[in-house]
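Here the structure comes first, spelled out in structure tokens, and everything after it is commentary.
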Amino acid sequence: MRRPVYLDYQATTPLAPEAREAMRPLWEEAFGNPHSPHRLGREAKAAVELARERVAAPFGPGGRLLFTGGATEALNWA
Amino acid sequence: MPERIYLDHAATTPLRAAAREAILEAFDRWANPSSPHAEGRAARAALEEARARIAGLTGWKGAVILTGGASEGIAAAMARARGRRRVVSAVEHDAVRRAGGEEAVPLAVDRDGLVTPVTLALALEQAGEAPLVAVQQVNSETGVIQPLDTIREAVRDAGGLWLCDATQGIGKLPVPDADFVTFSAHKFGGPVGVGALLVRDLATLRPTGGQEEGYRPGTENLPGVAGMAAALAEGAGWLGRAAELRAHLDQSVEAAGGEVVARDAPRLPTIASYRMPGVAANAQLVRFDLAGFAVSAGSACSSGSLKPSPVLAAMGFAPEEAGEVIRVSFGRSTRREEIWRFAEAWAEIAAKAGGQKP
């Protein structure tokens, strides 16, 4: 049996190694709730805001970027 | 001994190793569970297997709708459950309060933060026919456990539906026998961004179309759901130890001149609120943080501004007193030594502040 060839990237794509690596600390030592008032919480909040800047960068200045659970949720909000 | 001691497990708690492995394994085999090919079908099978595990572990006989978390489940039930007026208890989490909106009928509590047969009767009368009643299982600030049997009977007798926010009790206490139960995985060692809405009878919830049999559109988060099931499977065997730790801490705080909020009410042993007379919560949080302890005040989601807690206000605390209360919460990893050190720090901070009073 030949190895399967996946040609359904429109439906979904494999998790990129860079993404997995970026998530790792959050699953281990950096687990704070971004709304908590203590240091671990403040670090988590900073990480969220840094991610927000990085995701928004390609879209140029102006406007706001809100994180959702996916495209369908965002469509329903708007 | 670690440098910092984390006692804010009610805000969130570390991801369990079994959950992390389930997540990574699901990512390795990831495909869209709605895809028609073999990879998609395998993902679908894994999703349904995780769903069945969650149903089995919670003993839930109705529908298990997978969501992005408790807040989403609460908003969905409040917006789409059948029924006319919404009734919201005075001690609900901000997420429930917001979803209930300005038109919600308030349901009062006693000094321990418990709804009573009298306050239930008054609210249900005001709400009229077919109400949707939101009363939590466990309070996220005080740990107080509501009289679940009383609530179920009263709501049923009124021909209403009961929405129970079980976010703090899930993975620790039996799941309430309500019409809607919501929770988030990250409160019991699962990943953030996933939760469930348990629905007794889907006919009581208006569908939206899309996935989850038309009740929750959006590609299903298989890795998250797998992590949630794995974390839930770990069980609540550690609660006995938590109860001992909490009893010790309650006694230490009282011995040092503090007040245990809702001391004699039924409380989940993993959460406690303590008042330090004369010392603002803001100041306590700064001092505890500097001393290496992560604790909280109000509730995490509203702590940006540390406004006085509506929960404590509803229990009869004056604003100044409510402003002296912090929350401590335990997790699986909480050790005896951590509690002893926190108790010492609490007494020190209280004593120093007392020394500085005019």
Side-chain angles (χ1 to χ4, degrees), chain A residues 1-55 64-78, chain B residues 4 6-8 10-15 17 19-20 23-24 26-28 30-40 43 67-69 72 186 191-194 208 210-211 216-219 221 223 227 281-282 285-286 288-290 292-304 306:
Chain A
M1 168 97 104
R2 285 209 306 258
R3 203 163 59 83
V5 177
Y6 185 82
L7 291 170
D8 197 19
Y9 284 78
Q10 179 59 27
T12 196
T13 60
L15 184 68
E18 301 89 338
R20 179 191 303 241
E21 189 40 45
M23 290 197 285
R24 192 209 52 79
L26 308 175
W27 293 345
E28 292 172 17
E29 70 276 8
F31 64 87
N33 182 322
H35 292 271
S36 288
H38 43 70
R39 191 161 91 188
L40 201 65
R42 294 195 300 272
E43 286 168 358
K45 176 126 182 87
V48 170
E49 293 314 314
L50 184 60
R52 193 189 306 278
E53 279 175 31
R54 292 176 75 185
V55 173
R64 291 175 64 188
L65 186 138
L66 301 177
F67 289 119
T68 72
T72 302
E73 185 186 328
L75 287 166
N76 280 302
W77 283 9
Chain B
R4 289 191 63 84
Y6 184 80
L7 291 170
D8 195 23
T12 196
T13 198
L15 185 70
R20 181 167 58 247
I23 292 167
L24 290 172
F27 269 127
D28 281 343
W30 169 241
N32 188 320
S34 299
S35 288
H37 41 66
E39 289 81 359
T67 68
E72 182 193 321
H186 75 99
V192 66
V194 65
T208 54
Q211 288 88 339
R216 198 270 182 168
T219 303
N221 180 357
N282 286 349
L285 290 186
V286 167
F288 280 119
D289 197 27
L290 285 173
F293 297 95
V295 288
S296 182
S299 69
C301 301
S302 61
S303 66
L306 279 183

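Quick note on labels: first sequence line is chain A, next is B, and so on, each numbered from 1.
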note = Given Thr12(A), Leu26(A), Leu40(A), the one with more heavy-atom pairs under 4.5 angstrom with chain B than any other is Thr12(A)
key: Aromatic ring proximity Phe288(B)/His38(A), centre distance under 6.0 Å   = no
request  = Let me know if Arg24(A) has heavy atoms under 4.5 Å from chain B in its side chain, its backbone, both or neither.
outcome  = neither
Which of Pro14(B), Ser35(B), Pro217(B), Gly68(B) touches chain A most, by non-hydrogen pairs under 4.5 Å = Pro14(B)
Let me check something: any side-chain donor-acceptor pairs from residues 69-78 of chain A under 3.5 Å, sequence neighbours excluded? List them with distances.
unit_1, atom_1, unit_2, atom_2, d
Glu73(A), OE1, Gly69(A), N, 2.8
Asn76(A), ND2, Thr72(A), O, 3.0

message = Could you check whether any side-chain heavy atom of Leu15(A) comes within less than 4.5 Å of a side-chain heavy atom of Trp30(B), counting everything from C-beta outward?
response = no
key: Thr13(A) versus chain B, the contacting section by heavy-atom distance below 4.5 Å   = backbone
Heavy-atom pair of closest approach, residues Asp8(B) and Ser36(A) = OD2-OG, 2.9 Å
ask   = Which atom names give the shortest non-hydrogen contact between Thr12(B) and Asn33(A), and what distance separates them?
value = CG2-N, 3.5 Å
message = Just so I understand: if I count every heavy-atom pair under 4.5 Å between each of Val192(B), Asp289(B), Thr13(B) and chain A, which residue has the most?
response = Asp289(B)
key: Segment of Val295(B) engaging chain A (4.5 angstrom heavy-atom cut-off)   = backbone
key: Trace of the side chain to side chain contact (heavy atoms under 4.5 Å, CB included) decision for Asp8(A) with His37(B)   = CA-CA 9 Å; Asp8(A) 197 19; His37(B) 41 66; 2.6 Å; yes
task = Output the distance between atom CH2 (Trp27(A)) and atom CG (Leu24(B)), rounded to the nearest 0.5 Å.
result = 5.0 Å
